[in-house]
Structures are given as structure tokens and as C-alpha cells.
Amino acid sequence: MKNRNIVERDLRVVWHPCTQMKDHETLPLIPVRRGEGVWLEDFEGNRYLDAVSSWWVNLFGHANPRINAAVAEQIGQLEHVILAGFTHEPVVRLSERLVQITPAGLDHCFYADNGSSAIEVALKMSYHYWRNSGRPEKTRFINLSNSYHGETLGALAVGDVSLYKETYEPLLLKPFTVPAPDCFDREPGESCAEVARRMFVHMEEALERHAHETCAVIVEPLVQCAGSMRMYDPVYLTLLREACDRHGVHLIADEIAVGFGRTGTLFACEQAGISPDFMCLSKGLTAGYLPLAATLTTGEVYQAFYDDYERMTAFLHSHSFTGNPLGCAAALATLDIFDSEPVLERNRTLAARMTAATAHLADHPHVADVRQTGMILAMEMVRDKTTRAPYPWQERRGLRVYRHALSRGALLRPLGSVVYMMPPYVITEEQIDFLAEVAAEGIDIATGGGGRVG
Ligand SMILES: *Cc1c(COP(=O)(O)O)cnc(C)c1O
């Protein structure tokens, strides 16, 4: 009965994110009392395997002893201090390490406290760089279709998921949107790299037409996570870097979701061998512990703001919790784990198990695609496998998978009709098999007993 008590109190006063609150008349709200490793536990002792890393943030499990200890130690020293005019050791150490581990040329770190704000910083900095450099006519951005960069108005504007954006359209900046090199749209026999090269023509065209008025191209490297976990080949990023240089346009890499090992490399940009002009980090930056975000940029950008105060070229942007010491301490402990344990190597084994455990779903009559990039694996349910006709969104097929998974003790929260796993890196191979089994059952139920083949 303890669950019911807290849920009733919650629904009287809490307005939940990304939720039609009326759904909770029938959909259970799960009150979590504690977490440990991959498990979340409610007030009655029921456990749920956190297959979505609590919205893609958690890397090394809940209540990770090393990160717990680091945050506890920091809280005894300094919980927070203004970062204008003052500094502290955690933010200095974190910045040194981020500069070291991110792609070459990203030499300066600006902090915020959530991913959307890190995007706002990158957009404003890029525009302001061009203005400081005598190019105030550069005011536009180029983005990809189906992209997602957050919910604040600037970040929402450069995204392209209509579910989140359409309502607010009258309030938003207007980017030039180029069709994404989505490998889901491949022709028979075509490879993802070929799709990327074919689709790059549209980007080249947009740059040719609009470079003179464009500040930056913004992309999510390799995986459009909120855009149904659609994936594309790294060669697109290689071509994009070259084209941005040629056209005098910045490249913003939003690694908020894909950074810190999700795609198999520490940063997704590494797979294309490129350095962006701006890299936005959050989510896994603190292993999902605390709200912290960083926008890294180059010495060239930094220098364009560096001048006498009277010249009014400074970046006068701040957030109250900019560079919070507790967040920095959690981030440093996270990087310590990457340094002292073979995380990426272990993830390769786990990713291979994810592949193997879900391979049979490729033959499912209502699964159009099983795709994977590193530790992100997605299964797309469709009404008709041959034409890839989607289910009408009103049918909320994914919700049936979600409900089934809860009944089996797993938190699998689909995006529309796309069921995915993006687990914490401390998951075991057996737990992956369990998730795959639950996902397969859920897909069967949601697609009306299509039946498992094989
Ligand atoms: C989550 C996300 C954001 C926004 O981060 P918030 O902390 O939720 O504001 C931006 N870009 C990508 C790619 C994301 O996945």
C-alpha cells in the first residue's frame, strides 16, 4: 500500500515531464524508493531493470560506490560557488580532462546545467563568433530532419521532431532543414555508407546556397536518439567536416546522448575522425548523477571573444549552477572509472550480446529493422513489413510493450513504435538476454501475436 500512498500524493502536486497527466488515470506511476546497479526498486520491493539508463543518463549503475564516495567527499568541502570571478578545483580538473579526452582542438569548456542549455550556448557562441568577426549577417542554422537537441526554445528550434516542436513553431527560429542520412531509408542492397554519401548531396546544396547567412550546422553524431534511434554512417560526418570548412560554417556536434561510450567509442565523432567546432556534453557526463553540461570549443572561437571589455565582445551568458562542484566531482569520478577499467572493451562484449540476443527479431513479421550502434539497439515495429508502413501513432503500440515490460520487471520505454535498449554499462550478459526476451514478448503482444519465428 506504500506505493499507492505516494502515487496519490504525487498526482495531486507533481506535473511530470513529457507526459499527458490524464494517462495516469490508467497507467501506473512507479514510485522509486532506491536504486542499485541496473535495478530500481519501488516502495513495495518490486524491482525494475533500467534498460533505458533513466533517459540515457546513467552509465555505471545507480548508487555506484565510487561516484557516491566522490560526491560525498565534495559535499563536505564545497557544494557550490559562483563561477564568475571565482573558481574551484573540480571545475579546473574536469576542464583539463575534457580538453584532453575530446577530439583535438576543443580547448575551452563553458558550463551549463542541462543539455538544452549547452545547445543554447553553442548556438549563441557560434552566432556571436561571426558577429565579433565582422560577419553579423550570419544568423541562420542548418539542421537535419528528425533531429533532436532539447526543449528550450533555441534548442527546440534546431530540432525536427514534430511531436515536440509543432505546437511551438510560431515562437521558433527557422533553421534550414536538410534530409537526414538515415540508414532506415536505404534502398535494397545499399549500405549505410552509400546512403550517407547519397544524402550528403542535400547538405552540400544547402551549404552552397546558405553558407553566407549560416552560423553553423548542428548534428547528433551517428544516432538520432529522440528521433526513434535512427542511425547513420560516420562517413557523413567526415564529409560534413570538410564541407563546413570549405564553406566557412561551424560544425556543432551534439554528443549529449551519444557521448561517453554509447556508440562504442568514447565520443561518436571519433568514428569519423573529426573535430567539431563545438561539442555539447551532458547526460553521461556525470554518469547520470547530477545536472551538469559542457560546451567545448576551439581556441579560435575563444580568441574571437577575448578583448578589452569596452569592445563588448564578451560572452555574457551564465546559469546559476554553471560548473557546479558536486556535478564536476561526479564527472571526475566517472572519468576515473573510464581510466581505471576497460569500459569500452567490456561494452564491446555486451554490445555483441545485445546483437545476438535480438537477432531473431529481424525475422519477426512486424519488425522492420533491428539496428545497433555500440550500446544502443533499436527494434522498429511496423504494421506492414514489406512496405514498412508504420502503425498509426494513435494506437500507441509502444505503450503496450512498456506495460508488458513493467509486469516483467523491466523499464523499457519505447519511442513511438520503436523499442530500444540503452542500458547502463554495468549490465550483465544474462540481464541482456532477459531484456531481449521481455522485448520480444512485448513486441508479440503489441503487434497482435505475430509469433516468434525460429
Ligand atoms: C537529452 C538531449 C538533449 C537535451 O538535454 P536536456 O538535459 O534534456 O535538456 C539535447 N540533445 C540530445 C541529443 C539529447 O539526447
Side-chain angles (χ1 to χ4, degrees), residues 57-122 124-125 128 150 152 254-256 259-261 266-267 278-299 301-309 313-341 343:
V57 299
N58 191 289
L59 300 187
F60 298 115
H62 297 278
N64 180 286
R66 286 182 76 171
I67 307 173
N68 281 6
V71 174
E73 189 180 324
Q74 182 57 42
I75 210 167
Q77 292 289 318
L78 176 68
E79 79 301 329
H80 187 65
V81 63
I82 177 175
L83 197 66
F86 283 68
T87 193
H88 52 86
E89 198 181 348
V91 81
V92 174
R93 285 175 51 214
L94 179 59
S95 306
E96 287 170 349
R97 288 178 75 177
L98 288 176
V99 165
Q100 203 174 54
I101 63 174
T102 49
L106 296 169
D107 294 335
H108 298 272
C109 304
F110 192 96
Y111 289 91
D113 46 21
N114 65 81
S116 303
S117 297
I119 297 293
E120 303 286 342
V121 167
K124 285 176 71 178
M125 253 185 200
H128 200 162
T152 55
D254 176 355
E255 294 231 11
I256 290 165
F260 298 98
L266 191 58
F267 298 105
F278 298 90
M279 183 183 267
C280 300
L281 303 173
S282 189
K283 293 197 166 117
L285 173 61
T286 62
Y289 258 67
L290 284 155
L292 183 72
T295 303
L296 280 89
T297 190
T298 62
V301 168
Y302 179 80
Q303 284 304 328
F305 292 76
Y306 194 93
D307 207 336
D308 297 325
Y309 185 81
T313 57
F315 191 57
L316 301 182
H317 179 112
S318 63
H319 296 282
S320 306
F321 289 103
T322 292
N324 174 261
L326 296 174
C328 292
L332 285 164
T334 302
L335 296 181
D336 284 344
I337 295 175
F338 275 104
D339 275 356
S340 62
E341 296 177 23
V343 176

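For the numbers below, each heavy atom of this structure counts, side chains included, while hydrogens, waters and symmetry mates do not. Counting begins at 1 with the first residue of the sequence. Predicted model, so just to flag it, every value in this text is computed and none were measured.
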Euclidean distance, Ser320 OG relative to His80 NE2, rounded to 0.5 Å:
7.0 Å
Value for CZ (Arg97) from CZ (Phe338), rounded to nearest 0.5 Å, stands at 11.0 Å
Check whether any side-chain heavy atom of Phe305 sits under 4.5 Å from a side-chain heavy atom of Met125, and report yes or no.
yes
Minimum heavy-atom separation for Thr286 to Ala330, with atom names?
CB-CB, 4.0 Å
Rounded to the nearest 0.5 Å, how far apart are CG of Leu281 and OG1 of Thr295?
8.0 Å
Looking only at non-hydrogen atoms, find the nearest pair between Leu78 and His88 and report the distance.
CD2-CB, 3.9 Å
Output yes when a side-chain donor or acceptor of Asn324 lies under 3.5 Å from a complementary backbone atom of Glu79, and no otherwise.
yes
Close side-chain approach of Gln100 and Leu335, heavy atoms under 4.5 Å:
no
So which atom in Ser282 and which in Gly115 form the shortest heavy-atom distance, rounded to 0.1 Å?
OG-N, 3.6 Å
Quick check: are there more than 12 heavy atoms from other residues, nucleotides or ligands sitting under 6.0 Å from CD1 of Ile101?
yes
Least distance between heavy atoms, His319 atom then Asp113 atom:
CB-OD2, 4.0 Å
Quick check: closest heavy atoms across Leu98 and Cys109, and the distance to 0.1 Å?
CB-SG, 4.1 Å
Side-chain contact test, heavy atoms from C-beta onward, threshold under 4.5 Å: evaluate it for Val91 versus Tyr111 and give yes or no.
yes
Measuring from atom CG of Leu326 to atom CD1 of Ile75, what distance do you get when rounded to the nearest 0.5 angstrom?
5.0 Å
Can you establish whether the number of heavy atoms outside Glu89 located under 6.0 Å from its atom CD is more than 12?
no
Do Asp254 and Phe278 come within less than 4.5 Å of each other through their side chains, counting heavy atoms only?
no
Please work out whether the ring planes of His317 and Phe110 are parallel, tilted or perpendicular, with thresholds of 30° and 60°.
perpendicular
Does some side-chain heavy atom of Ser340 sit less than 4.5 Å from a side-chain heavy atom of Arg66?
yes
Please round to the nearest 0.5 Å and tell me the distance separating atom CD of Glu255 and atom CG of Leu285.
12.0 Å
Could you report the tightest heavy-atom contact between Leu106 and Leu296, atom names first, then the distance?
CD2-O, 3.8 Å
Is Ile67 close to Ile337 at the side-chain level, that is, under 4.5 Å between some pair of heavy atoms?
yes
Answer yes or no: is there a side-chain heavy-atom contact under 4.5 Å between Cys280 and Ile256?
yes
For residues Phe60 and Tyr289, establish whether the separation of their ring centroids is below 6.0 Å.
no
Inspect the surroundings of CD in Gln303 and state if more than 12 heavy atoms from other residues, nucleotides or ligands are less than 6.0 Å away.
yes
Going through the checks in order, is the side-chain contact (heavy atoms from CB on, under 4.5 Å) test met by Phe260 and Leu59?
CA-CA 8 Å; Phe260 298 98; Leu59 300 187; 3.8 Å; yes
With a 4.5 Å heavy-atom cut-off, do Leu290 and Leu292 have their side chains touching?
no
